[in-house]
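Order of the sequence lines sets the chain letters (A, B, ...), proteins ahead of strands, with each chain counted from 1.
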Protein chains: 2
Amino acid sequence: MLASQRQELILALVQRHGTVRLADLAERMGVTAVTVRRDVTALADRGLVQRVHGGITRPHRPNRTPTAPRPALGGATGRTLVGMVVPSVEYYWPHVVQGAQAAVASAGSRLVMRVSSYDPTEDRRQISALVDHGVRVVLAAPVVHGDAGLDLLRWLGSLPVPVVLMERLPPPELSTLALDAATTAHALGAGLGVRHLTALGHRAVALVTSRTSPTSTALRAGWAATTAELGLPHDTDLDIEVPSYGTPGWPPVYDEVLLHCAERGVRAMLVHADREAIGMVERARDLGIDVPGRLAVVSYDDEVAAASDPPLTAVRPQKHRLGQLAVELALGRAAEGDRRPVHRVQLWPTLEVRESCGAAAPASEL
Amino acid sequence: MLASQRQELILALVQRHGTVRLADLAERMGVTAVTVRRDVTALADRGLVQRVHGGITRPHRPNRTPTAPRPALGGATGRTLVGMVVPSVEYYWPHVVQGAQAAVASAGSRLVMRVSSYDPTEDRRQISALVDHGVRVVLAAPVVHGDAGLDLLRWLGSLPVPVVLMERLPPPELSTLALDAATTAHALGAGLGVRHLTALGHRAVALVTSRTSPTSTALRAGWAATTAELGLPHDTDLDIEVPSYGTPGWPPVYDEVLLHCAERGVRAMLVHADREAIGMVERARDLGIDVPGRLAVVSYDDEVAAASDPPLTAVRPQKHRLGQLAVELALGRAAEGDRRPVHRVQLWPTLEVRESCGAAAPASEL
DNA sequence: TCGTTTCCGTTCGGTTCCGCTCGCAACGAT
DNA sequence: ATCGTTGCGAGCGGAACCGAACGGAAACGA
C-alpha cells in the first residue's frame, strides 16, 4: 500500500466519520502508528485535516479556536505579558526589541525577552519557557528553513497562545499556516540602494554581503532583480561574499574585492551591514581609492553608518517600527482571538542619503 | 471518544439547551465526572462556556466588547478629512466603505466618498475633485493596469496628500512606488476554498468566475497553485468563465457548465461572487442536481451567501476590516508624513462553513 | 557496484489523558 | 446542630499518545 493511497484512505475516513483515531487507522491499514502520524502530518500541512490528541478531525470545525479570545475579564486587558524571542542581540535585533519594548510599555504591559541563536531547538526551548512563564502572546523570529524549521513552525501554529512572526514568513510548503507576521521588504531595500547609485550615474553596482542570513538572501534576490530590470550587469562575480569585518584575515579579502571592482570599472557597491561597509571604506582609503570620489558605497543596515567617515549613505530597515508593529499585531490578536483575520504586514526600508555616494552636499542636511 | 470530540459535543449541547448538568454529561458520554470537569475547564478557559455550580451555561453576553476602540494616533488627528474613491458601490465596495466610515467616525473625523467606474480618467477626476475639496488623505482603488494605470499611479505618487491603495498594488514596473496599501490575499482565499472541498473528499474542483476583475485573476492563480499542490486536475476546462448572473442568456450557459462538470465527474466548484453561485445552485436545482448531494458549491465573496438556500459555504474577504485598516494606514501617514515607512498589509479571507458542501451537519450530532 | 534518497519500523523519553481516591465546601433534611 | 448528599479540586498512578532519533530495506542514478 503506497503512502498516497493511505493518505487518500485517511481523508475518506475522516470525511466520513468526522473524526478518526490514529490507532484505528494504524490497525486498519496494517502499518505502525508512527507511519500514520507521518501521513497525518503531511495531510495537516496541506490543510486537509486537523490534528487533535489521539486522532484527527475535519478542518475548519467550529471548534477551531486554539487561541483564546479574552474571557470574562473584560476590561482588564492591561496586563498582557508579552514574550519575545530574537535570534541575536548583537546585530539588527536590539532596535527591534526597543521598538517592541516601547510599544508594550505604552500599552501598560510588560515584555519578557529571550535570546535564541539561529537554532530551531533553542528557539523552541526559549519559546516554551516563555509560555510556561505565563506570557499571553509570543513574538518570534525562529528558524523557518529546513525540516527542523517546518517542524518548529507547525509547533508554533499549535501553541495555546498567539504567535507573531518577525522578519520571517512560513515557506511555501506551509503557506497556509495562519500566523500573523511583520516583515521588512529587504529585496526592495536592496533595489533602493541600487537605484540610488544608478541615478547617480553608475552603470554597474556590485553587491557585497558577509552573512549567510535570510536577509542576505533577500538582498541578493533584490539586487539581481533590480540590476536585471535596469539593464546593469549582474554576473556572479559582482555578487561577492566576504568574511565579516574583523574576522582574521579580513583586510586582504576586502582589498581584493576593491581591486577586482576597480579592474572591472565598477565604482559603486552596496554592502550588507554597516561594519563591513565601514571596513570597505577603510581599506579603500588605504589603497588610495577615494570615497566617494572613485567609489560610491551604500550600506545596508544603518545602525552606525552615520558615524562613519565619510558618513555612509545607507538603506535603513525600520527595525524600531517593526518591533512596535509586531506588538500591535500581537495585542490585536490577543484581544480578538480567531475573529481577527491573519495580518501580514510588510515595511519598506528607507534610503538615508549621506556622503558616501557623492549625492548630498555635506551641509544639505542643514 | 476523543477529548476534542467530547468538548465539541458539550459545546453543542450547552448551545442547544442553554444549560447542562455535569452529571448528565458524564453519563451520556460514558466518562467519569472528573473528566467532564476537566473538559469543561478547558472550554471555560477559552471563554466558550460559563461554569455554574453543578453544570455549565452559555457564556455571558454582556461581555461583548471585542473591538477595542483604538485610541487616536498621535494627537492632532482630530479634523482630518478623509477622501475615498471606490470603483463601484454595487459590488464588494459597500462593506469596505462601511469599515472606513466606522474607523473615520471613531477617529472623530469625516469621510467623503466618490464613485469612479473602473476608468482611469474618471479615477483621476474624482481624486482631484477630492483634493480640491480639501481632503487630507485619499483612499483609492484605481485602475493600475495598462499605460493609463501606470500614469495614474505615478500621478497618485506625486500628489501633495498621502494616498493609500485599497485592494490594489502597483504592478512590477512600478514596484518601487512608495504608496501604502491594504490588500486581501485573494489567491490564498481561493486556496482555502479548494482545500476545504478537497478535505471533504473531492478529487477535482472547478473554478467558475464571472468578472474580469483583478480579483478573478488572483483567484485563478490561487486555484491553479493549490490544485497543483494538491495534485488535483487543473486543466483549462476546469477554469471556467461565465457571464454574470442575470445578463441576457445566462441560464443556458450555466446549465452547460453544470453538465460539463457532471460529465467530467467534477462534483465540486468554487464560484466567484455570491450572485453567480446562487445562480449556479438555482440552475442545478432545475436540472435535478442536488446541492450539496451531488454538487458542492463554495462561493467567493460572502455578501449574501448565508441567505441562499441552502446557505452557501463561502470564502469571506474581510472587507469591513480592510476599510478600517486603510483608514488607519492613511491617518498614520497623515500624522507622520514621510518619516513613516511604506506599509503593505495583507489580510487573509476566512472560510465560513455552511451547508452547500455537506460539511456542516449541525443537528446530526444530536 | 556503490552511494544516495525515500520510506518505514523500532526504541525511548517525555507528555497528555483519564479514572481513582481523598479532603473540603455547600446545601438540605432531620 | 448534625448528618447525608452532591459537587468540586488536588494528587496519584497507569495507560495512551507523541515526537525525536536511529537503523534497515527498497528504489534510483551514476
Side-chain angles (χ1 to χ4, degrees), chain A residues 1-10 13-14 19-46 49-57 63 66 68 116 119-133 142-143 145-161 173-174 177, chain B residues 1-10 13-14 19-46 49-57 231:
Chain A
M1 190 174 212
L2 270 53
S4 62
Q5 274 176 292
R6 281 199 312 271
Q7 297 180 13
E8 196 89 12
L9 178 58
I10 294 176
L13 288 173
V14 75
T19 165
V20 191
R21 285 166 35 87
L22 294 196
D24 293 347
L25 289 174
E27 189 193 0
R28 167 178 208 125
M29 301 190 295
V31 294
T32 55
V34 56
T35 301
V36 173
R37 268 201 291 276
R38 281 194 267 247
D39 288 335
V40 163
T41 304
L43 292 174
D45 276 357
R46 294 191 277 160
V49 301
Q50 172 150 359
R51 313 195 60 157
V52 296
H53 190 90
I56 51 178
T57 72
N63 182 27
S116 174
D119 171 26
T121 311
E122 185 66 6
D123 286 336
R124 184 182 298 218
R125 214 178 60 74
Q126 296 289 17
I127 293 171
S128 6
L130 284 175
V131 172
D132 292 345
H133 187 270
V143 172
H145 55 263
D147 289 344
L150 290 180
D151 282 346
L152 182 55
L153 282 171
R154 278 188 273 263
W155 179 72
L156 289 175
S158 69
L159 281 182
V161 300
E173 301 93 301
L174 279 178
L177 187 68
Chain B
M1 193 174 209
L2 298 168
S4 64
Q5 251 178 309
R6 281 199 313 271
Q7 298 180 13
E8 204 160 319
L9 178 57
I10 294 175
L13 288 174
V14 76
T19 165
V20 192
R21 283 165 35 87
L22 295 197
D24 293 348
L25 288 175
E27 187 193 1
R28 163 176 225 127
M29 301 191 294
V31 294
T32 55
V34 54
T35 301
V36 173
R37 266 199 292 277
R38 279 195 268 249
D39 287 335
V40 163
T41 305
L43 292 174
D45 281 352
R46 293 191 271 160
V49 301
Q50 175 146 358
R51 313 195 59 156
V52 294
H53 194 84
I56 51 177
T57 70

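The residue A:V52 sits close only to the backbone: its heavy atoms come under 4.0 Å of sugar-phosphate atoms, none of a base.
A:R51 and A:T41 share a side-chain donor-acceptor pair at under 3.5 Å.
Remark: B:R21 is in phosphate contact with D:dG7, judged by side-chain N or O atoms under 4.0 Å from OP1 or OP2. Distances shown here put a side-chain N or O of B:R51 below 4.0 Å from the OP1 or OP2 atom of D:dG9. An OP1 or OP2 oxygen of D:dG19 is reached within less than 4.0 angstrom by no side-chain nitrogen or oxygen of A:R124. An OP1 or OP2 oxygen of C:dC18 is reached within less than 4.0 angstrom by a side-chain nitrogen or oxygen of B:R6.
Between B:R38 atom CZ and C:dC20 atom C1' there is a gap of 10 Å when expressed in whole angstrom units. Put simply, CD on B:Q5 is 13 Å from P on D:dC17, counting in whole angstrom units.
Using a 4.0 Å cut-off on heavy atoms, the residues of residues 25-37 of chain A that approach DNA chain C are A:V31, A:T32, A:V34, A:T35, listed by number.
The two residues A:L177 and A:L153 come nearest to each other via the heavy atoms CD2-O, 3.6 Å. Contact record, B:L2 with A:G55: CD1-CA, 4.0 Å, taken as the closest heavy-atom pair.
Between the CD atom in A:Q50 and the OG1 atom in A:T57 there is a gap of 4.5 Å [rounded to 0.5 Å].
No more than 12 heavy atoms of other residues, nucleotides or ligands lie within 6.0 Å of CD in B:E27, so this atom counts as exposed by the packing criterion.
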Pair A:M29-A:I10, side-chain contact (heavy atoms from CB on, under 4.5 Å): steps then yes or no: CA-CA 9 Å; A:M29 301 190 295; A:I10 294 176; 3.9 Å; yes
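Considering only side-chain atoms of B:H53, the nucleotide from D:dG7, C:dC8, D:dC18 that sits closest is D:dG7.
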